[in-house]
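To start, the structure under review is shown below, and the notes come after it.
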Amino acid sequence: MAGKMMNEFQDLLPFMADKLGGDGLIGELCKGFNLLMDTEKGLITFESLKKNSALLGLQGLRDDELQSMLREGDIDGDGALDEMEFCVLMFRLSPELMHQSEGLLDDALEQEFEACFQTK
């Protein structure tokens, strides 16, 4: 079920990026984070994810699937997701969006490299 949900989400994220632009996409991801987070801790915890997952249509996920989602995105190992970890996880779950981001990074590096040699 978690894989099914992730596949559906990764199909929508590039569409959202095209439709909303970069800033709009980040804004929507922040809204998603705010829906799922524990308001007292300012983090997505297992308890807040379980309690609020129905808001995103994820009510059918088992506890082990929710724990797996948390582990997947938990960069600092504190057992919860902060806003940055949540956004990074959403980007990682979307290979197409990551590919687009890599292309933009390559273009920016190439322009910087060319500018460096033009000034010498």
Side-chain angles (χ1 to χ4, degrees):
M1 180 88 168
K4 180 179 185 272
M5 182 277 305
M6 296 303 173
N7 288 336
E8 290 172 7
F9 187 83
Q10 79 186 32
D11 291 340
L12 293 177
L13 204 54
F15 172 76
M16 289 172 61
D18 288 342
K19 188 86 168 158
L20 301 171
D23 291 340
L25 176 61
I26 296 299
E28 288 302 309
L29 288 175
C30 290
K31 288 178 188 176
F33 173 81
N34 289 332
L35 284 174
L36 295 173
M37 78 172 183
D38 177 316
T39 56
E40 291 180 17
K41 295 180 181 177
L43 299 168
I44 297 175
T45 63
F46 171 74
E47 293 79 18
S48 71
L49 183 58
K50 186 172 181 168
K51 176 183 170 188
N52 299 318
S53 61
L55 296 172
L56 298 179
L58 307 176
Q59 63 273 14
L61 294 180
R62 299 184 319 259
D63 287 357
D64 63 319
E65 292 171 320
L66 295 173
Q67 287 285 6
S68 179
M69 287 175 64
L70 284 174
R71 279 192 305 275
E72 178 82 19
D74 185 13
I75 296 169
D76 62 12
D78 66 354
L81 301 179
D82 62 25
E83 193 169 48
M84 187 270 310
E85 290 172 322
F86 176 75
C87 289
V88 168
L89 176 62
M90 294 300 100
F91 275 84
R92 284 179 47 214
L93 293 174
S94 178
E96 183 180 337
L97 196 58
M98 284 300 291
H99 180 69
Q100 290 173 359
S101 298
E102 289 171 2
L104 293 173
L105 178 61
D106 287 344
D107 290 346
L109 290 173
E110 185 177 315
Q111 289 175 4
E112 192 67 30
F113 184 73
E114 289 173 3
C116 180
F117 280 105
Q118 290 176 357
T119 59
K120 290 184 177 186

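Predicted model, so just to flag it, every value in this text is computed and none were measured.
Note: Leu49 CG to Gln67 CD = 9.0 Å, rounded to the nearest 0.5 Å. With values rounded to the nearest 0.5 angstrom, Met69 atom CE is found 12.0 Å from Asp64 atom CG.
Side-chain contact check for Leu43 versus Met37: every heavy-atom pair is 4.5 Å or farther apart. Looking at Leu35 and Asn52, their side chains never come closer than 4.5 Å, going by heavy atoms from C-beta outward.
Formation of a donor-acceptor pair under 3.5 Å by the Asp74 side chain with backbone atoms of Leu70 is not found in this model.
Screening residues 35-51 for salt bridge (charged side-chain N to carboxylate O under 4.0 Å, His left out), with sequence neighbours left out, gives Lys50-Asp63.
Among Leu81, Ile75, Asp76, the one residue that satisfies the side chain to side chain contact (heavy atoms under 4.5 Å, CB included) test with Asp78 is Asp76.
Closest approach of Leu36 to Phe86, counting heavy atoms only: CD1-CE1, 4.0 Å.
Scanning for side chain to side chain donor-acceptor pair (under 3.5 Å) contacts around Ser53 gives an empty result, with sequence neighbours left out.
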